[in-house]
Amino acid sequence: MNKSTISDISKTTSNTATVFGKVVSVVGQIAEVEIESEQQPYLNDILVDQEGNEIKLEVFYQYNKVCACLILSNRDKIYRSMSFISTNSVMQIPIGSEVLGRIVNLFGEVQDGFNPLTDINQQPIYSKTPPLNIVRGPSQILETGIKAIDFLTPFAKGGKIGFVGGAGVGKTILMTELIHNISQTTNSASVFAGVGERIREGQELWQRLSEAKVLKGTALILGQMNENAAVRFRVALASVTIAEYFRDILKKDVLYFIDNVYRYVQAGNEVSTLLGTIPSEQAYQATLQMEISSLEDRLVSTENGSITSVQTVYVPADELGDAGVSAIMSFLDTVVVLSRSAAEQGLYPPLDISISSSSASTNLIGSEHFEVLTAFRQLMSKYQKLEHIVAIIGESELSVEDQIDFSRAKKAINYLTQPFFVTEPQTGKKGV
């Protein structure tokens with residue numbers, strides 16, 4: 001590569017590019033670039049190809065003068081000895097009120113078919129320093145309009161909430177209902193991150209929010225299952241950057257939704273495997289806890305505004321003891337576990353009452369709510385014991401007192417169900 005070529009390419013970047021090199025190998029979604037310049041790239045710097053700037057690589061780590069880079073674009077166009085040059089900047093995402101009501105990808109390109117975002121500020125997706133004015137501990141309840149959640153596992157404003165469950169139990173539907181209900185009753189901005197989930201779910205969410213007339217207050221950033229692991233790995237951080245802007249600059253309360261945070265962990269695992277690093281517990285990456293904390297530690301409330309995060313957590317094989325799931329749950333204030341057996345019985349939302357929990361149920365709810373909740377949990381504990389007896393000898397063989405309690409518990413379980421607004425087309429029942 002001659003000096004004139006370097007000069008020409010540097011005009012397309014924000015700074016004068018002095019780092020350049022060529023590809024020596026491509027393994028899956030990892031490209032190794034041998035740096036030929038005296039100056040070395042920084043961690044997370046973006047490299048672009050000298051031919052058209054269409055291919056983007058992100059420096060992941062470096063040994064000697066070879067950089068292992070994540071391939072962020074189409075890897076089919078990369079070949080050995082292909083020349084790359086540094087942009088002297090990290091991945092950036094568009095920020096500002098202009099992203100509300102729009103769908104963008106990791107590169108800030110619109111995905112909704114409307115006009116592209118032009119003349120809009122961009123911000124690096126990596127947080128340099130934590131905010132100084134963090135507010136410790138939530139101070140009020142955030143009502144969701146879903147009575148099972150508001151009663152059993154109340155949400156704290158500024159807290160971290162997880163919908164935990166296996167495939168097909170209704171995590172995404174529950175999250176979509178929350179966006180619908182809360183966006184209509186609050187003036188907060190909403191940010192939705194689609195990480196590694198089904199492509200149709202992003203389309204359906206966009207349509208539902210548009211029909212409910214709450215799309216204008218929601219920014220959607222998608223990196224779904226058709227994208228490579230490197231893109232899925234970075235989309236979550238990009239979406240948090242948008243949420244931080246609304247909190248810090250516009251001083252808004254923010255509702256942050258991520259579907260699915262386990263896919264973020266999974267993408268990191270795929271990248272780690274391609275790099276050939278030594279795995280840790282249950283074959284997860286050794287950096288698992290650090291990667292989750294790099295996301296969760298940015299979802300905090302400050303004196304400028306709050307970030308209330310709602311995260312769906314996929315549970316592989318319905319095994320709650322999975323190391324990846326356990327690592328995620330350690331950061332959550334409220335855990336709403338969804339039961340497959342309840343979903344099969346047609347009970348929606350299908351909460352697993354026995355293991356769902358909320359920190360707000362001990363320090364934020366009123367005394368009457370606390371007393372009723374305690375009495376209900378005692379009733380449900382007795383119901384679960386009686387359920388085993390009924391399965392063997394039948395309900396008629398119970399004592400009169402036990403029959404009353406068993407019947408009362410079943411009525412309470414049914415009372416805590418309700419039709420959702422977002423499922424009206426499928427169920428034919430009007431949402432409540």
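Just the heavy atoms: all of them, side chains too, but no hydrogens, waters or symmetry mates, feed the values below. Being a predicted model, the structure only gives us computed values, none of them experimental. Numbers here simply count residues along the sequence, with the first being 1.
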Looking at every heavy atom in both [X] and [Y], which two are closest together, and how far apart are they?
X    : Y    : answer
S280 : A286 : CB-CA, 3.8 Å
S37  : T18  : CB-O, 3.3 Å
I55  : S73  : CA-OG, 3.1 Å
A243 : Y256 : CB-CD1, 4.1 Å
G162 : L332 : CA-CD1, 3.7 Å
G159 : D333 : CA-OD2, 3.2 Å

Salt bridge (charged side-chain N to carboxylate O under 4.0 Å, His left out) evaluation trace for R208 with E211:
CA-CA 5 Å; R208 286 167 177 166; E211 291 168 358; over 6 Å; no
Of K252, R298, K251, which is the lone residue that meets salt bridge (Lys or Arg N to Asp or Glu O under 4.0 Å) with E244?
R298
Identify which one of E227, E197, E270 satisfies the salt bridge (Lys or Arg N to Asp or Glu O under 4.0 Å) criterion when paired with R232.
E270
Around atom [atom1] of [X], are there more than 12 heavy atoms of other residues, nucleotides or ligands at under 6.0 Å?
X    : atom1 : value
R377 : CZ    : yes
Q111 : CD    : yes
Y61  : OH    : yes
K77  : NZ    : no
I278 : CD1   : no

Test side chain to side chain contact (heavy atoms under 4.5 Å, CB included) applied to F163 and V310, V337, T334, the passing residue:
V310
Please say which of V59, L70, V90 ends up in a side chain to side chain contact (heavy atoms under 4.5 Å, CB included) with N44.
V90
Show, in sequence, the C-alpha distance, side-chain angles and deciding distance for K22 and E36, and conclude whether the side-chain contact (heavy atoms from CB on, under 4.5 Å) test is met.
CA-CA 8 Å; K22 62 181 179 181; E36 299 175 327; 3.4 Å; yes
Suppose the criterion is side chain to side chain donor-acceptor pair (under 3.5 Å): which pairs have a residue in residues 145-154, not counting sequence neighbours?
T144-D150
Would you list the pairs meeting side chain to side chain donor-acceptor pair (under 3.5 Å) in which at least one residue belongs to residues 96-105, sequence neighbours left out?
R102-D112, N105-E109
Tell me, do [X] and [Y] make a side-chain contact under 4.5 Å, heavy atoms counted?
X    : Y    : answer
C69  : L47  : yes
V300 : I307 : no
L152 : I353 : yes
M175 : F192 : yes

Taking the six-membered ring of F107 (Phe, Tyr or Trp), confirm whether the NZ or CZ of K56 is under 6.0 Å from its centre and within 45° of its axis.
yes
Step by step, work out the ring-ring contact (aromatic ring centres under 6.0 Å, His included) result for F151 and F376.
CA-CA 10 Å; F151 174 58; F376 175 78; 5.6 Å; yes
Test of understanding: with side-chain hydrogen bond (donor to acceptor under 3.5 Å, both in side chains), list the residues that count as partners of [X], not counting sequence neighbours.
X    : answer
Q224 : none
N260 : T312
T302 : none
D318 : R340

Counting N and O atoms only, with roles assigned by atom type, does the side chain of [X] sit under 3.5 Å from a partner on the main chain of [Y], one being a donor and the other an acceptor?
X    : Y    : result
T218 : V214 : yes
S293 : Q289 : yes
S86  : V19  : no
T176 : T172 : yes
E58  : I46  : no
E424 : G431 : yes

The criterion is side-chain contact (heavy atoms from CB on, under 4.5 Å); which residues satisfy it with [X], sequence neighbours excluded?
X    : result
D253 : K157, S188, S306
T427 : T423, K429
T287 : Q285, M290, E291

Under 6.0 Å between ring centres, would you say that holds for F233 and Y264?
yes
Please report, to 0.1 Å, the donor-acceptor pairs under 3.5 Å made by any side chain of residues 321-329, with sequence neighbours excluded.
| unit_1 | atom_1 | unit_2 | atom_2 | d |
| --- | --- | --- | --- | --- |
| D322 | OD1 | Y284 | OH | 3.1 |
| D322 | OD2 | Y284 | OH | 2.5 |
| D322 | OD2 | G324 | N | 2.9 |
| D322 | OD2 | V325 | N | 3.4 |
| S326 | OG | D322 | O | 3.0 |

Kindly state each residue pair satisfying ring pair (Phe, Tyr, Trp, His ring centres under 6.0 Å) with at least one member in residues 305-339, sequence neighbours excluded.
Y262-Y314
What is the distance from atom [atom1] of [X] to atom [atom2] of [Y], rounded to the nearest 0.5 Å?
X    : Y    : atom1 : atom2 : result
L288 : N269 : CG    : CG    : 8.5 Å
C67  : Q40  : SG    : CD    : 6.5 Å
N414 : Q345 : CG    : CD    : 9.0 Å

Pairing donors with acceptors under 3.5 angstrom, does anything connect the side chains of [X] and [Y]?
X    : Y    : answer
Y42  : Q62  : no
Q123 : T241 : no
Q266 : R263 : yes

In short, salt bridge (Lys or Arg N to Asp or Glu O under 4.0 Å) pairs touching residues 175-188 with sequence neighbours left out are none
Start with the C-alpha gap between L222 and V235, add the side-chain angles, then the distance that decides, and say whether side-chain contact (heavy atoms from CB on, under 4.5 Å) holds.
CA-CA 7 Å; L222 305 181; V235 159; over 6 Å; no
Does F155 form a side-chain contact (heavy atoms from CB on, under 4.5 Å) with V336? I'd like the steps, not just the answer.
CA-CA 10 Å; F155 291 174; V336 180; 4.1 Å; yes
